Amino acid sequence: MPDAPGLELIAGELREAHPGSVLGTYHEHGQACLIVDPAQVREVLLWLKNTPGQEYNFLASLHGVDYLPAEPRFGVHYELLNRERVERIRVRAAVPDPQQSRTSPDGSGREAEQPAGSDSDELPRVPSVVDIFPTAEFQEREVYDFFGIVFEGHPDLRRILLPEVYVGWPQRRDFPIGGEEVIFTYNERAVPGWTQ
Amino acid sequence: MEVKREKLRALSPLAEPGSPEHLRIRQLRARDLLRGDLTDEQLEEHVQQSVFLGRLEDVLNWARSNSMFPMTFGLACCAIEMISLVGSRYDIARFGAEAMRASPRQADFIILSGRVSIKMAPVVRRLYDQMLEPRWAISMGACSSSGGMFSNYAVVQGADKFMPIDVHIPGCPPRPEAFFYGFNKLQRMIQNNPDQGWRRRYNAVGTEEWARDDVITGQPSEASQAAYARTRQAIAEAAEATGPEGADPYGTTGAGTT
C-alpha cells in the first residue's frame with residue numbers, strides 16, 4: 001500500500017507521462033486512491049500495470065458508485081494489486097452524468113429514468129479495460145447492469161444479473177426504493193391494480 | 001363353532017362398539033352376508049352400519065386431500081424449514097404428503113418457500129403450468145406472500161401476481177406447526193370443493209381443462225363450448241340474484257356442486 005507521499009509520487013509521475021490524466025488524489029483509512037479522467041483511464045491503468053517499479057498487474061475488483069448529488073456523479077473504481085509487494089491502489093474514474101449536464105444549471109430538476117435502449121447517448125461512457133484485464137469483462141457488465149454506465153469497447157455488453165428485459169438502472173440513487181405498496185386486506189380495495 | 005357364534009350374537013346388544021367382541025361380531029355378520037344368511041332386519045342393520053353412501057366426487061376429494069405429493073422445490077431460506085417438515089420430528093407423512101416429487105408433472109401442489117425474484121418468476125410460473133390439474137399452491141412465508149422485507153427492484157411483491165395461490169402461510173419463516181395448520185386448511189378446502197373460486201377471482205373462467213380447445217384440431221369442442229356457455233350463464237344468474245360479491249357459481253360455500 002503506497003503511503004500518502006508514495007501516492008503523490010505516483011500521481012506526479014502519471015501527470016508527467018499523461019498530462020491531465022490525474023484529477024486528484026486522496027489517502028484515507030490507509031487506502032490510496034487516484035482520481036482520474038475517465039477518457040484516460042486506459043492509459044493510467046496501462047501505466048500502472050507496465051511501468052517498472054509500479055507493476056500493479058492484478059485487477060482485484062471493478063465496481064461502480066453513484067455519488068449523487070455530488071459532481072461528477074458516477075465513479076468507476078479499479079482496485080489494483082501488486083502481488084509481489086502486496087500493495088494496493090485504487091483508481092477512480094470520475095464519470096459525469098450526461099443527463100445532469102443537460103438539465104437546469106442549479107441541478108434541482110433531474111431527468112426521469114430513461115428506458116433501456118431509448119437513447120444510449122444519455123448514458124455515461126467509460127472506455128473498457130477488458131483487453132488489459134480480462135477479469136473486467138463480467139464486472140463491467142455488472143456495473144452496466146446496475147448503474148447504466150456504458151463501457152466502450154466491451155466485447156459483449158449485456159445485462160448480467162437482472163433479466164434482459166429489465167428497464168432502468170436499479171442501483172442508482174434516484175431509482176425508487178421498493179416497487180409498490182404492499183397489499184393487505186385493509187387496503188386491498190384502495191390500492192389499484194391486480195385484484196380488479 | 002356354531003354355538004360360539006350364536007353366543008356372540010346373543011351378546012351383540014351388550015357389546016360395546018370398538019370392543020373386541022364387537023369387532024368379531026361384525027366380522028361374523030359380514031361372513032353371513034356373503035353367504036346369503038343375513039335376512040330382513042339383520043341385513044338392513046348390517047347395511048346401515050357398514051355402508052357409507054356418498055358422491056364419487058367427495059370420495060375422490062377425500063382421497064386426494066390425504067395423498068398429496070409436494071414438489072421438491074426450494075426458493076430461499078423457507079426451504080430449510082420445508083425440509084424439516086419431512087423429517088421425523090414434524091413429519092408431514094402424518095398428513096399423507098411426504099412423497100416429494102422431483103417433477104412438476106407428478107406433483108399435486110407446490111410450496112413457494114421463499115422470495116420469488118423477478119428473474120425466477122417465469123420459472124415458477126412455468127413449473128406451475130406443468131403441473132397436472134387438480135393442482136394447488138401454498139405460499140410459505142412473508143416473502144412469497146407479499147414480498148416481505150424485500151421491497152426492492154429484484155423481488156416480486158407477492159407470488160399471486162403471476163400465479164394463483166390457494167393458501168398463504170405467514171411467518172418469517174413459518175414454524176412447521178404453522179405450515180401444518182395451513183396445509184390442513186388446504187386439505188379441508190380440497191375436501192369441500194377442489195375449485196377454490198380463484199378462476200372467478202382472477203377472471204380465468206374458461207381455462208378449465210374441460211373448457212380448453214380440442215388438442216388435435218385447435219378448435220373448441222362442442223361439449224366444451226356448451227359447458228363454457230353454461231358456466232358463464234350460471235355466473236351471470238348468480239350475479240343477478242345476489243350481486244357481484246355474492247356470486248358463487250362453483251358453490252364454494254354451499255354443500256357442493258352436483
Side-chain angles (χ1 to χ4, degrees), chain A residues 63-66 68 73-74 99 110-118 123 138-139 141-149 156-196, chain B residues 75-76 112 114-126 128 137 139 141-172 182 185 196-205 235 239 243-247:
Chain A
H63 42 259
V65 189
D66 186 0
L68 190 77
R73 179 175 167 183
F74 296 105
Q99 287 183 36
R110 282 195 295 277
E111 291 284 299
E113 195 63 40
Q114 290 284 324
S118 66
L123 297 176
F138 280 8
Q139 303 187 47
R141 276 178 69 183
E142 190 178 344
V143 172
Y144 167 75
D145 199 358
F146 286 108
F147 292 93
I149 297 173
D156 182 24
L157 195 64
R158 291 179 290 130
R159 287 191 183 273
I160 186 170
L161 290 173
L162 291 168
E164 292 182 7
V165 294
Y166 197 87
V167 175
W169 315 107
Q171 292 286 5
R172 288 192 181 188
R173 276 186 156 177
D174 54 0
F175 193 85
I177 283 182
E180 54 211 273
E181 192 168 352
V182 178
I183 297 176
F184 294 100
T185 315
Y186 71 87
N187 61 359
E188 190 178 19
R189 302 209 174 270
V191 178
W194 60 279
T195 53
Q196 274 80 41
Chain B
L75 278 169
L112 295 181
R115 79 284 178 281
V116 187
S117 69
I118 55 171
K119 216 171 174 183
M120 196 64 185
V123 182
V124 177
R125 176 71 215 204
R126 180 170 207 162
Y128 180 78
S139 167
C143 299
S144 61
S145 299
S146 69
M149 59 188 272
F150 299 106
S151 176
N152 62 20
Y153 60 90
V155 174
V156 179
Q157 304 296 304
D160 43 10
K161 299 233 161 189
F162 60 90
M163 64 182 277
I165 303 284
D166 293 291
V167 175
H168 296 267
I169 301 172
C172 187
K185 284 258 181 199
Q196 296 306 313
W198 59 261
R199 290 189 196 279
R200 188 160 53 83
R201 179 167 183 177
Y202 291 89
N203 198 19
V205 173
I235 291 174
E245 290 305 310

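The basis for the numbers below is simple: all heavy atoms, side chains too, and nothing from hydrogens, waters or symmetry mates. The structure presented is a predicted model; accordingly, all values stated were derived computationally and were not measured. Chain letters run A, B, ... following the sequence lines, proteins first and then strands; every chain starts at 1.
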Tell me, please, which residues at least two apart from B:Arg125 pass salt bridge (Lys or Arg N to Asp or Glu O under 4.0 Å).
-> B:Asp129

Evaluate whether atom CZ of B:Phe162 has more than 12 neighbouring non-hydrogen atoms of other residues, nucleotides or ligands under 6.0 angstrom away.
-> yes

Using non-hydrogen atoms only, which part of A:Glu164 is less than 4.5 Å away from chain B: side chain, backbone, both, or neither?
-> neither

Region of A:Leu161 that comes under 4.5 Å of a non-hydrogen atom in chain B = backbone

Output the distance between atom OH (B:Tyr153) and atom CZ (A:Phe146), rounded to the nearest 0.5 Å.
-> 4.0 Å

Check ring pair (Phe, Tyr, Trp, His ring centres under 6.0 Å) between B:Phe150 and all other residues, then give those that pass, not counting sequence neighbours.
-> none

